[in-house]
There are 4 protein chains.
Amino acid sequence: MGGTMDDTRQRRRGDTRRRIQDVALELFAEQGYEKTSLREIAERLDVTKAALYYHFKTKEEILVSIFEDLTQPIEDLVEWGRRQPHTLETKQEIVRRYADTLTQAAPLFRFMHENQATVRDLRIGESFKARIHTLREIIVDPDADLIDQVRCASAIYTLHAGMFLLQDVGDDPEERNKAVLEVATDLVTQAHRGAGGS
Amino acid sequence: MGGTMDDTRQRRRGDTRRRIQDVALELFAEQGYEKTSLREIAERLDVTKAALYYHFKTKEEILVSIFEDLTQPIEDLVEWGRRQPHTLETKQEIVRRYADTLTQAAPLFRFMHENQATVRDLRIGESFKARIHTLREIIVDPDADLIDQVRCASAIYTLHAGMFLLQDVGDDPEERNKAVLEVATDLVTQAHRGAGGS
Amino acid sequence: MGGTMDDTRQRRRGDTRRRIQDVALELFAEQGYEKTSLREIAERLDVTKAALYYHFKTKEEILVSIFEDLTQPIEDLVEWGRRQPHTLETKQEIVRRYADTLTQAAPLFRFMHENQATVRDLRIGESFKARIHTLREIIVDPDADLIDQVRCASAIYTLHAGMFLLQDVGDDPEERNKAVLEVATDLVTQAHRGAGGS
Amino acid sequence: MGGTMDDTRQRRRGDTRRRIQDVALELFAEQGYEKTSLREIAERLDVTKAALYYHFKTKEEILVSIFEDLTQPIEDLVEWGRRQPHTLETKQEIVRRYADTLTQAAPLFRFMHENQATVRDLRIGESFKARIHTLREIIVDPDADLIDQVRCASAIYTLHAGMFLLQDVGDDPEERNKAVLEVATDLVTQAHRGAGGS
DNA sequence: AATGAATGAGGTTTCATTCAT
DNA sequence: AATGAATGAAACCTCATTCAT
């Protein structure tokens, strides 16, 4: 054999689309969506801007595609939660799994968190908000005390904050994540009790 | 009486700077910093772009000036907190006052919250972060249990979230604010107990 | 005695016009005419741009006024030369005096030299060129050999170059100026001989 | 044969970069660097301003690229001179070749000459100055009499002046150039003798 | 004698996007 | 699967100038 094409190129063959997504997400998360230009993405990948347009119709579509690819776990979680009994254990499990998901796709969620003004009028904005909303509804039923609803929202939001805002708290990331999870679980537990859960 | 100069102009004399800040903040909060152009601000005020540059050296300076003007209450709060004994009552009072401040300058804080990626590398980013950090330090001492530190951070972020993310929870904003405040106070109280407070 | 006005201001009273010229020339010479803005001049003087317009009608007028004030010696020299017999001594004397003038008003001539493209279509351009031309005509008569005409032109430009381009030649400025003057005188002398001077 | 694409476009394909340089140099030389806007260049070429930025990163880069392309002959000349024995003949040859180079790329050197204030703080300023300096060092050794060094500088400067400042001397450009070259050669010859050359 | 406020024109630069090849 | 060349719109910003006070 002995093709003339060098290995790097060979390995890259066909996964340019994925590489675009990776680099784009990295830059979006680091600098924000508006401040990341297609030129920058293209340069990092050592391709031309036009190449990006072979794989995606617009800049927004790059983001949408990333979102859709990485967000499946949350969709699954929502689906799973919907079919469970609304016991305390379920709720705690959801918090645990949600924390997991956030960790798994940290850059995306960091991006969503830090670019809310931008995301708001992108196509994905509404859909993301809806998903979080559903999650909340599962954890606390909409007829519960206002204060317990707030507790649940706060639990979710604490998980987000744990990912992105608490990087100066504590030394060991693992320990911190555990602490964050515990606080969130606590909040949900209190909400459950308040709402008359057993 | 009845000079020849029309009233609108007269009233505007001398407060253009303030009007620029007002309109700018409104638009920044609504659309985000990057997506708001100076053209837009100028058009709303019915002045030329160059007029903006008479009052502010750069676009960023407009934001900085808003930030500095509206953020004084937090500085005061930090200062006040620093001089109080670290009792539970102090902590609760701080939470209460902080909630108040957020409400007072809601558009600015909404902006800060939704444009973190942008704010991060603006001049104000670090300074804001530092202030929040100090606030946290007053509420819980940095040697406390990790979990209590997280609780305090969570309390602060709950207040933020209350402002901006919970608009679909409950019907009455007043009631919701009360609930948010209660949850935050709760978290701080728990943290205080955990940290060995009386 | 015992005025409330501080000395600096007092002393400045009435000579703002001159101070504007001084600062303007300094900046024009240093950075070029186009790259020096009225804002910059005003800031250095600690007055507003509008103040400049009290003293001068336009930016160009500032330059014109400087030119007219500092250029009198050349006008005088031309006038003087016109009335002298065209002997070698006269020519040498003109070179000497011209060198002197250049040194006296170095910043202006440096400016003229380094901003020819700009000066060309300012009002002063033609008038300056005409003066240099007359000077040349006195030194060599227009019917002389082409080569001697060039020698004379070269003499004059050597003086210019001496001011501005030879700053890396030799150590002692005084010595250098003497050398420059000697070369120029030489050229004129050769031209005079060639043209059949006695 | 006889494609549908019109000839003009076809001929332009691939040489836009060159055409930008040509038009830019023409305008820079005619009006000066600062007074020439990218809009003007683009309009003359019947392309958009953005097209210029496809080919060059900044306005300055357009100039730099022109400079680098047209200035090679001087670099070559310096290189050549460096390897020759420092005889009178070599020096005269250098003057001759330098005059040639100036004629070849007259617009560029006219530009450099008339925009010194501008060029000074552009990237090319230092590099140009260094080259002229080296040229001078070859013609006269730096330890020679000050007066001979001045003579050499004057020779070089006479060549420049011949290009741009003597357009009103004599009728026939060819004749004038010959005269200029002779004066410059003379100066170098005198300098050589003075420096103790054979 | 000078300021404060503003303008209109225009500057350089960047961006997302297109399309023939 | 990707490039080279270009565009149209718009961004931020600066400038010389004006004028009522």
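Chain letters run A, B, ... following the sequence lines, proteins first, then strands; residues in each count from 1. We use all heavy atoms of the structure for the numbers below, so side chains are in, but hydrogens, waters and symmetry mates are not.
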Both Ala51(A) and Leu38(C) contact DNA chain F. Which one's nearest nucleotide lies toward the 5' end?
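First, find each residue's nearest nucleotide; the 5'-ward one identifies Ala51(A).
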Determine: side-chain N/O of [X] to OP1/OP2 of [N], distance under 4.0 Å, yes or no.
X: Thr16(D); N: dA5(F); value: no
X: Arg39(B); N: dA10(F); value: no
X: His55(D); N: dG4(F); value: no

Ring-face cation of Lys35(A) near Phe28(A) (centre distance under 6.0 Å, axis angle within 45°)
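Pair Lys35(A)/Phe28(A) does not count as cation-pi.
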Do you know which of Val64(A), Thr71(A), Ile66(A), Leu70(A) makes side chain to side chain contact (heavy atoms under 4.5 Å, CB included) with Glu68(A)?
Val64(A)
Select one nucleotide: of [options], the one nearest the side-chain heavy atoms of [X].
X: Thr58(B); options: dC15(E), dC13(F), dT12(E); value: dC13(F)
X: Lys49(A); options: dT17(E), dA2(E), dT3(F); value: dT17(E)
X: Ala50(B); options: dT7(E), dA6(F), dT18(F); value: dT7(E)
X: Lys59(D); options: dT7(F), dT13(E), dT17(E); value: dT13(E)

Do the ring planes of Phe128(B) and Phe67(B) sit parallel (below 30°), tilted (30 to 60°) or perpendicular (above 60°)?
perpendicular
Locate the shortest heavy-atom distance separating Gln31(B) from Thr36(B); write the atom from each residue and the value.
OE1-OG1, 3.3 Å
Closer to the 5' end of DNA chain E via nearest nucleotide, is it Ser37(A) or Tyr33(D)?
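On the 5' side of the pair lies Tyr33(D).
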Canonical and wobble pairing (Watson-Crick, G-U, under 3.5 Å) of DNA chain F, dot-bracket with |
.||||||||||||||||||||
Count the heavy atoms belonging to other residues, nucleotides or ligands that lie under 6.0 Å from NZ of Lys129(B), then report whether that count exceeds 12.
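No, because the 6.0 Å sphere around NZ of Lys129(B) holds 12 heavy atoms or fewer from other groups.
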